[in-house]
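Reminder, nothing fancy here: chain letters follow the sequence lines and each chain counts from 1.
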2 protein chains.
Amino acid sequence: MSAHPDAPRSRRERPAKPALTRAGIVTTAVALVRSEGLQRVTMRRLAQELDTGPASLYVYVRNTAELHAAVLDELLGSVDLAPVRATGDWTDRLVQILTSYTAVLFEHPGLAQSALVARPSGERYLDLLEALLALLAAGGVPADRAAWAVDLLLQFATATAAEHAGRGADRPAGEEWDALATALRDVAADTRPHLAAQGTGLLSGAGGARLVWGFRVLINGFLHTPRPDAVAPAADGPA
Amino acid sequence: MSAHPDAPRSRRERPAKPALTRAGIVTTAVALVRSEGLQRVTMRRLAQELDTGPASLYVYVRNTAELHAAVLDELLGSVDLAPVRATGDWTDRLVQILTSYTAVLFEHPGLAQSALVARPSGERYLDLLEALLALLAAGGVPADRAAWAVDLLLQFATATAAEHAGRGADRPAGEEWDALATALRDVAADTRPHLAAQGTGLLSGAGGARLVWGFRVLINGFLHTPRPDAVAPAADGPA
DNA sequence: ACCTGAACACCGTTCAAGT
DNA sequence: ACCTGAACACCGTTCAAGT
């Protein structure tokens with residue numbers, strides 16, 4: 001089948017096993033995430049890809065969580081932040097950036113799950129935070145409220161993406177898995193009237209429409225909801 | 001050390017290995033979650049607790065995800081739904097129920113994580129949905145909007161609880177792990193002015209206050225935000 | 001027919017020992 | 001001093017073989 005059977009390592013077919021560096025590890029991990037999905041990016045699989053043993057990775061990466069965070073930050077480089085410096089209604093531009101962020105996470109729901117538990121803190125994530133804060137400031141949102149608002153917006157976007165983990169490529173796409181849909185179809189109208197009235201309508205609506213509606217709810221919400229501790233915004237609050 | 005060394009199985013010290021049933025498995029799993037935490041409730045560990053091999057569990061439980069869902073539904077039995085039928089402002093009562101739901105999940109953040117990915121569909125969860133829908137109906141929220149609103153409220157509560165997975169008992173409690181706090185302290189004011197101005201204030205605020213503020217934001221938000229497809233509420237929407 | 005021992009195909013992380 | 005082979009302590013899930 002092949003003219004060139006895999007030669008032993010002595011022949012220099014691969015780039016002669018490049019020296020391990022943190023950057024190299026992360027780059028390889030990103031490539032692996034893109035080609036095989038997050039669930040294949042394990043310490044052992046990654047080590048194999050780098051032609052070494054898993055123990056060697058621990059010299060550069062503290063653990064799996066940190067690796068995932070690094071990969072996510074890399075991917076966040078493709079979030080479109082241009083709307084910050086564009087013209088037009090600031091809430092529309094806010095929704096655009098958040099939609100772009102969500103789109104990136106939608107391609108890697110497993111990373112969204114990680115991000116929910118281990119908050120990212122890389123350069124690309126800081127850029128995203130800065131962009132969102134700039135837009136909220138432009139919109140006249142008080143700084144103390146903006147701090148909590150960005151958190152809420154990103155949490156919603158991240159959680160929405162994370163929800164899609166589990167049903168990846170292989171899964172039969174909502175055929176058997178959606179136990180909730182089945183449960184809702186069989187709800188007894190006498191004991192749970194409101195649920196019965198909603199039926200599976202509870203699950204209706206295209207993902208995109210629900211997402212944008214969610215962003216709008218949050219924006220309208222925080223514009224109408226001052227922080228409970230509304231005093232002068234201090235840089236360092238007590239605890 | 002002990003007067004009664006563990007006798008061989010022939011002596012009936014244990015309840016003679018009760019027959020396996022789905023209910024029995026779930027009950028044992030719940031007990032195990034309470035005593036040792038979710039991360040210890042693996043198919044193998046659970047089988048060991050039930051004095052059998054892991055393969056036997058698969059007769060009653062499809063997989064780990066389904067097991068987790070069953071355990072969660074059991075725990076949701078302790079969510080306080082009484083405020084539905086109480087008096088007083090409906091939004092306050094809504095916040096009370098949601099706070100109770102969040103409190104339950106806070107004790108088992110790992111289950112919150114599962115719930116985010118595999119939507120629950122058990123009896124206790126349906127009760128919760130019914131209660132929330134009843135309250136929204138009482139508040140005069142249009143049914144179509146209420147459907148999306150409960151989703152949003154529960155997603156926020158669940159995601160907030162899920163964020164606490166990972167830092168359990170063992171972790172040094174935010175000493176080294178919080179890389180974001182460190183990153184925020186070192187932000188350069190010239191390149192990221194808004195972030196620098198916020199500083200670690202971005203992370204400030206007691207969890208309880210932020211949670212309630214979040215609920216209020218969502219409530220004020222959906223009260224001000226009609227669904228984009230606002231027509232007559234149909235039981236079965238298109239796709 | 002029902003149940004399960006044993007195997008398959010993996011994991012993350014550590015550390016003693018090598019270079 | 002730096003790196004890593006090998007081990008430790010686990011996983012979920014399947015299926016051929018038993019009762």
Distance check needed: dC11(C) C1' versus Leu46(A) CG, whole Å only. 14 Å
With sequence neighbours left out, write down each residue that passes ring pair (Phe, Tyr, Trp, His ring centres under 6.0 Å) with Tyr125(A), or none if nothing qualifies. none
Between Ser204(B) and Thr200(B), is there a donor-acceptor pair closer than 3.5 Å when you use the side chain of the first and the backbone of the second? no
What does the list of N/O pairs under 3.5 Å between the protein and nucleotides 16-19 of chain C look like, with a distance for each?
none

Mind listing the N/O atom pairs, protein and nucleotides 13-15 of chain D, below 3.5 Å?
unit_1	atom_1	unit_2	atom_2	d
dT13(D)	OP2	Tyr58(B)	OH	2.8
dT13(D)	OP2	Thr64(B)	N	3.2
dT13(D)	OP2	Thr64(B)	OG1	3.1
dT13(D)	O5'	Tyr58(B)	OH	3.3

Salt-bridge contact Arg44(B)-Glu49(B) (side-chain N to carboxylate O under 4.0 Å): no
When you compare the side chain of Met43(A) with that of Val61(A), does any pair of heavy atoms fall below 4.5 Å? yes
Return the value, rounded to whole Å, for the distance between atom CD of Gln48(A) and atom C1' of dA6(D). 17 Å
Please work out which of the three classes, parallel, tilted or perpendicular, describes the rings of His164(B) and Phe106(B), given edges at 30° and 60°. tilted
For Thr191(A), which residues count as a side-chain hydrogen bond (donor to acceptor under 3.5 Å, both in side chains) partner, sequence neighbours excluded? none
Sorted by chain and residue number, the ring pair (Phe, Tyr, Trp, His ring centres under 6.0 Å) partners of Tyr101(A) (sequence neighbours excluded) come out as none
Please give, in whole Å, the distance from dC3(C) C1' to Leu50(B) CG? 14 Å
Rounded to the nearest 0.5 Å, what separation is found between the CZ atom of Arg40(B) and the CG atom of Leu32(B)? 9.5 Å
Please lay out, stage by stage, how Glu107(A) and Arg34(A) fare under the test salt bridge (charged side-chain N to carboxylate O under 4.0 Å, His left out). CA-CA 9 Å; Glu107(A) 269 154 69; Arg34(A) 284 199 223 265; over 6 Å; no
Can you tell me which nucleotide in dT4(D), dG12(C), dC3(C) comes closest to the side chain of Val59(B)? dC3(C)
Rounded distance (Å) that lies between atom P of dC2(D) and atom CZ of Arg22(A): 18 Å
Here the distance between atom P of dG5(C) and atom CG of Leu57(B), to the nearest Å, is 12 Å
For Leu67(A) and dC11(C), give me the distance from atom CG to atom P, rounded to whole Å. 13 Å
Can you check the distance between dA9(C) and dC10(D), where both ends of the measurement are the P atom (answer in whole Å)? 23 Å
Mark yes or no for whether Tyr60(B), through its side chain, and Leu20(B), through its backbone, hold a donor-acceptor pair below 3.5 Å. yes
Using whole Å, report how far CZ of Arg40(B) lies from P of dC10(D). 7 Å
Nearest to side-chain heavy atoms of Arg45(B), which nucleotide of dC11(D), dT4(D), dT4(C): dC11(D)
What stems, by residue range, does DNA chain C take part in, given at least 3 consecutive Watson-Crick or G-U pairs under 3.5 Å? C:4-8 with D:12-16, C:12-16 with D:4-8
Electrostatic pair Arg119(A)-Asp151(A), nearest N-O below 4.0 angstrom: yes
